[in-house]
Structure formats: structure tokens, C-alpha cells
Amino acid sequence: MNNKEISQIFREIADMLEIQGGDFYRVNAYRRAADSIEHHPVALEELWKEGRLREVPRVGEAIAKKIDELLSTGQLGYYEELKEQVPDGVLSLLTIPGVGPKTAKLLHEKLGLASIPEVEHAAREERLRHLPGLRARSEEKILHGIEMLHRLSGRSLLGTALPIAQEIVERLRATSPAENIVPVGSLRRRKPTIGDIDILATTAKPTQVMSAFVKLSQVAEVLLQGDTKSTVILDNGLQVDLRVLSEERFGTLMQYFTGSKEHNVQLRILALDQGLSLSEYGYKKEDGTEITCPTEEEVYETIGLPWIPPEMREARGEIEAARAGKLPQLVTDGDIRGDFHVHTNYSDGVHTIEEMAQAAKAKGYDYILLTDHTRGLGVAGGMTPERVAEQRAEIKWVNEKLAPFRVLAGAEVEIRSNGTLDLPDEVLAEMDLVVAAIHSGLRQEREKITQRMLAAIRNPHVDIIAHPTGRLLGQREEIALDFEAVVREAAKTGTILEINAQPNRLDLDGAHVMRAIQEGVLLSIGTDAHHMDGLGLMPLGVAMARRGWAEAKDIANTMNWEDLKKKVKR
DNA sequence: GCCGTTTTCGGCCCGACTGTTTTCAGTCG
């Protein structure tokens, strides 16, 4: 049993206890232990064999004993008991935005509802509004929440799909005679959410490649298996298409399947102007002769264009830019010098300052900016001014130890509902960089929430605005912000806007990045890491920057600290 | 249920919003 599976059981225990109205601290202790277990760098099975389970943070006597039972017997009596009391379907209701443990329990006990479709049906029949504490508005809210879920279902987060695609590519490379294996489609363009995974490969032995593909361990169901195309469903529900083709047409096929559709249409129109018809199989001249392209570069070259990076292929002017020789030199993973959004155990992060710094140093970074939550976000263990001072002392100590690597002192301060911050100015003034964010009062109307954001941007102590639009993919819409006003004010005051690399945020996304850059706003990329693993999300943030045509000069954390210090407003 | 350079017991859980209320419960971050 791996760490993820173990953590899942404790997470479910927490959910079930909460539905039963269990003690908040106890519920939270299970949840925090689950997080800690999931991201622990060493397999719990290993630690268990050596009797070292208690070394895992947030695993105490009781949870260690439960892990022991789980690993020795493959079962956990306590978990099984709870499952008898709380049906599976009731747990699934917690995934509906706006439905928490109390409502889930109510829906189950009073109406016998134990699945999302049942709740949706009952809500449409207006049966929820007669429950105690619920009225028509609550019913609408629940229906809206279910619609949000549906909207994402069928689509997966880029952060989920990308590692899976990369793993499949690696496995195929190792176990089959496939060459040139590449994921294409919206995944290659790095869209924040993707429908299914499309992979292309070239080979002289298609049958063997396909046979290796359908035998991958993640495959739950084979929908289609042929010599040119096979389709499978993975055990997590993702659909994967593999196309195998000959090498001479690889370029046009890759270009075609990468899309976007709109980009391809524009490309074909441009080709027609030059008397060429473009399809996935190649170019055709008016006299019927064919031009095949083994590489994508040749596809673009044939009609007089430089190769266009996939992230830009969204029909947002990239073809015009390419024709004019004005394609940007997009920022790359290698340009990044540090991470500007990092949590530690001073708030809701798992690891210590030194652990996070060591992990960042191992990635080749020059610095990280610590951005622990401040006191307003109490549930996240937000820092008081006293804790800020303690953290400062620890940073100094770590910096002495790890020099020239540098831990920058900062915080993720709360922008309160009136636009003020929840740490005093004199505390903020002492920090290297201050990140501010909205985490509550997300449903304020446009005028109010915009003014609130502008007030934070105007604060001379605020350097960066984190996850500016507040969206959570598949869970929550953006806040009602007037983004244009935010961009203008950021430009005017020299405030940096963040690209948050958390898979369910990816906020700002490409379109916002583009607008910000047009107005001369500087951006930063932060992973919002809550544990060492989380630092690895940086490429997702870089992908959003690239989708917005950002160059290295547009991204604050590609600069060295001394240069950047001169550029920020403080 | 976890945790401890003030503690082995008593903290940990804050603030805002929404929808249902007429003084509060539930949800969220």
C-alpha cells in the first residue's frame, strides 16, 4: 500500500467523522496527518518495517497504530466500522460546492439521498427547500454547485493529466519499439483543463506498439485496438488515444493534432493564399503533387513561417506575429531562478524553512520567497507579528547555513473585506517582499471587490498580488473583479501580479497574462507549495506564462535578487 | 488526535459571507 492510498483512507475517516459531527480538532488531525503522509518523501511501508512511523509529522500514537494495523492486515477495523455508518454515496456529496458535512447528513437522513444524481433530481423537483434550514436559495445554490461539477467532468486538470501522459510516454519508450512519442492536443498546448490525452508515435512495428499500449498497468478498459489508432480508458477515467504513423508525415500530423482548431484554420487559409492545401497528411499543390513534412518546423517553413510554440497556438495573433518576425522569445523552465510563493510550517505548510530551502536549492534555484499565511486566515495557522519575528530569526539562521542561496522573508497577507491588510505596516515594511491575496468575501459585488483589490495594490508595502482572479477550476468561478482596472493600477504602482501554479488555480491564465504584459505589468510565478513536492509545480506556471506570450523579462523570478530589488516598488 | 526551547494537559478555531434567521448555523479558505 503506497502513501497515497494510506492517506486516502485517513482523509475518508476525517470526512466520515465530520459527517457524524465529530470533534473538529480530531477531524482536522486526521486530515493534517493525511496531507503529511501523502507528501512524505519516504514510503510508509519502509518506515513501518523499521518501526519509524512516528517520524512522520502529524502522525502520533493513535494514527501510527492504525497504520500498523493497515499494513499488517491490509485492513483497518476503525475505518470499516465508520464505513458501515456512513454510506459511500453520502461522502461523494461533500464534493458539491456549497454542501458540507451538515447538509450531506441532512440530505441523507431526511430524504435518503446518497449520490449526486439523486440530489440533483430532488433539487429539480424542489424537494430540498422543505428541509429544515434550507429554502429555495439553498436549493439553487446546490444545483449551481452540481452544474459546476458537471462542467469539469469529462475534463481533467492539466496538472493531473500531464504527469500521466509523461509516464505513458516513458513506459512506451521502454516497453515498445515506438519512436518519436509525443503527447499532442490541448495537453501539448498546456490548456488548464484537457478533455482526453492524445499521443502520437512513429514505428515500423505498429502491432507491437499497440499491444504494449493496451497492456499498460493504468489501463482499465480498451475501447479500440488497431494498427493506426487505439483508445483506452485509464483507471482514473481519463481517455487516451494513441496514433501510430509513418515518419514522413509526422510533422503535419503532429501539427494537426496539436491544434487549436482555430489556429489550424488560419494556417490553412494562409497556405491557400500560396496555392497550397494543408491537411494532416501534408501539403498539396494545385497540380496535385504532394509535399510531406517529417517535422513540424517544415510545416511552418513551407509557408514561410518560423515554428510557433504550441502554447501560442490559440489564434490570438500568433500567425500575424510569426509572419512579421515578431514572435516573442518565450520564458522557459530554465529561466526561473526561484519560487515566489512558498508555505512552511509557520502556517499550513508541512515542512520547515530549511527543508523547503534545501529542496529549492536542489532544484538549482537562487532563492525562495516565504509566504506563510497571516493571522486573518486562522484555519491555516496564520502568523501573528510575533510569529513573523520568530520566522525572521529562523530565516537568518538558515541563510547563514545555505549561503549563497537566499530565503526571502515575506508573507501572504489577507486583503480584508474593506481592503486593509491583516498585519500592521511596520511589520510588512521589514519584509523582503509582501504577497497579498483575497481568501474570503469572494462573492462581493464587482465594484466592492475591485475597490478592495485596488486598495491593496496601492498599499506601498504590497509587492505581489497572489492568484488575482481567485478561480478554482471546476469548483469556483473567478471573483467579480474588474481585471482591466487591476492591470492599470498594477502598472501605475509597479505591483507584480502572480501566476499561481497550483493545478486547480493556474491563475492568472494565458489571456490575463497577455493583457498584463501589454500594459507593462511585471508578473511572478509561484507554486503556492505547501510541501517540498509542491515546488515541482513550477512548469505549470511557466506554461501559463508562455500561453500569455511572456518572455523572461516579464517574469520577476527570472531575475537575480539584487536586480529585482531595484525594480520592486518598496 | 497531535504537539511541546514556557506545556505531557490544554490549546488548537479565525473571520467573512450566505441564507436562514430575529440571534444563528453552515460553509469556505
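These values consider heavy atoms only, across backbone and side chains, with no hydrogens, waters or symmetry-generated copies. Quick caveat, the model's predicted, so the values are computed rather than measured. Per chain, numbering begins at 1; letters A, B, ... match sequence-line order.
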* Minimum-distance pair of heavy atoms, taken over all atoms of A/Ile63 and A/Val59 -> CG2-CG1, 4.1 Å
* Within less than 4.0 Å of OP1 or OP2 of B/dC17, is there a side-chain N or O belonging to A/Ser417? -> yes
* Candidate list A/Arg471, A/Arg546, A/Lys191, A/Arg190, test salt bridge (charged side-chain N to carboxylate O under 4.0 Å, His left out), partner A/Asp509, passing option -> A/Arg471
* To do: Round to a whole Å and report the spacing from CE of A/Met383 to P of B/dC12.
  => 17 Å
* Structure fact -> Hits for ring pair (Phe, Tyr, Trp, His ring centres under 6.0 Å) against A/His531, two or more places apart or cross-chain, chain-then-number order -> A/His39
* Asked: When you match A/Arg54 and A/Ile438 each to their closest nucleotide on DNA chain B, which lands nearer the 5' end?
  -> A/Arg54
* Using centres under 5.5 Å plus planes under 30 degrees as the test, is A/Tyr25 stacked with B/dC13? -> no
* Write down the distance separating the P atoms in B/dT8 and B/dG4, rounded off to the nearest Å. => 13 Å
* Nearest-angstrom distance from the residue atom CG of A/Leu423 to C1' of B/dC14 -> 14 Å
* To do: Just compare B/dG1, B/dT27, B/dG29 and give me whichever is closest to any side-chain atom of A/Pro101.
  => B/dT27
* To do: List in numerical order all residues of residues 55-85 of chain A for which some heavy atom is under 4.0 Å away from an atom belonging to DNA chain B.
  => A/Pro57, A/Arg58, A/Val59, A/Gly60, A/Glu61, A/Ala62, A/Ile63, A/Lys66
* Structure fact -> Taking for A/Gly100 and for A/Arg452 the nucleotide of DNA chain B with the nearest heavy atom, the one nearer the 5' end belongs to A/Arg452
Which donor-acceptor pairs under 3.5 Å do the side chains of residues 90-99 of chain A make with protein atoms, sequence neighbours left out?
| residue | atom | partner | partner atom | Å |
| --- | --- | --- | --- | --- |
| A/Ser92 | OG | A/Gly89 | O | 2.6 |
| A/Thr95 | OG1 | A/Ser92 | O | 2.6 |

* Pairwise P distance for B/dA16 and B/dT21, with rounding to whole Å -> 24 Å
* With A/Asp482 via salt bridge (charged side-chain N to carboxylate O under 4.0 Å, His left out) - residues at least two apart -> A/Arg446
* To do: Measure the spacing between CD of A/Glu18 and NZ of A/Lys105 and express it to the nearest 0.5 Å.
  => 11.5 Å
* Structure fact -> Whole-Å distance, A/Leu53 CG to B/dC2 P, equals 12 Å
* Structure fact -> To the nearest angstrom, the CZ-C1' distance between A/Phe24 and B/dC12 comes to 8 Å
* Asked: Taking atom C1' in both B/dC2 and B/dC13, what distance in whole Å separates the two?
  -> 15 Å
* Please report, rounded to the nearest Å, how far the C1' atom of B/dC3 is from the CG atom of A/Asp348. => 17 Å
* **Contact summary for A/Ala529 and A/Gly534, nearest pair of heavy atoms** => CB-C, 3.6 Å
* Same-atom distance (P) from B/dG1 to B/dT5, integer angstrom -> 23 Å
* To do: For A/Val99, answer base if it contacts any base atom (sugar-phosphate contacts may also be present), sugar-phosphate if it contacts only those atoms, and nothing otherwise; contact means non-hydrogen atoms under 4.0 Å.
  => sugar-phosphate
* To do: Identify the nucleotide, in any strand shown, that forms a Watson-Crick or G-U wobble pair with B/dA25, with both distances under 3.5 Å; if there is none, say none.
  => B/dT18
* Spacing of the P atoms in B/dG15 and B/dT20 (rounded, Å) -> 26 Å
* Asked: Nearest-Å distance, CD1 (A/Ile9) to P (B/dG1)?
  -> 16 Å
* Roughly, in whole Å, what's the span from NE2 in A/His373 to P in B/dC13? -> 13 Å
Pairs: protein N or O with nucleotides 18-20 of chain B N or O, under 3.5 Å:
| residue | atom | partner | partner atom | Å |
| --- | --- | --- | --- | --- |
| B/dG19 | OP1 | A/Arg137 | NH2 | 3.2 |
| B/dG19 | O3' | A/Ser138 | OG | 3.1 |
| B/dT20 | OP1 | A/Arg135 | N | 2.7 |
| B/dT20 | OP1 | A/Arg135 | O | 3.2 |
| B/dT20 | OP1 | A/Ser138 | N | 3.3 |
| B/dT20 | OP1 | A/Ser138 | OG | 2.8 |

* If you measure from the P atom in B/dT6 to the same atom in B/dC12, how many Å do you get, rounded? -> 16 Å
* To do: Could you check whether A/Leu94 gets within reach of a base, just the sugar-phosphate, or nothing at all, counting any heavy atom under 4.0 Å?
  => nothing
* Asked: By ring pair (Phe, Tyr, Trp, His ring centres under 6.0 Å), which residues pair with A/His461, not counting sequence neighbours?
  -> none
* Structure fact -> Contacts of A/Phe405 meeting ring pair (Phe, Tyr, Trp, His ring centres under 6.0 Å) (sequence neighbours excluded), chain-then-number -> none
* Results of salt bridge (charged side-chain N to carboxylate O under 4.0 Å, His left out) for A/Arg515 - residues two or more places apart only -> A/Glu484, A/Glu519
* d(CD, A/Glu390; P, B/dT6) in whole Å -> 9 Å
* With A/His351 via ring pair (Phe, Tyr, Trp, His ring centres under 6.0 Å) - residues at least two apart -> none
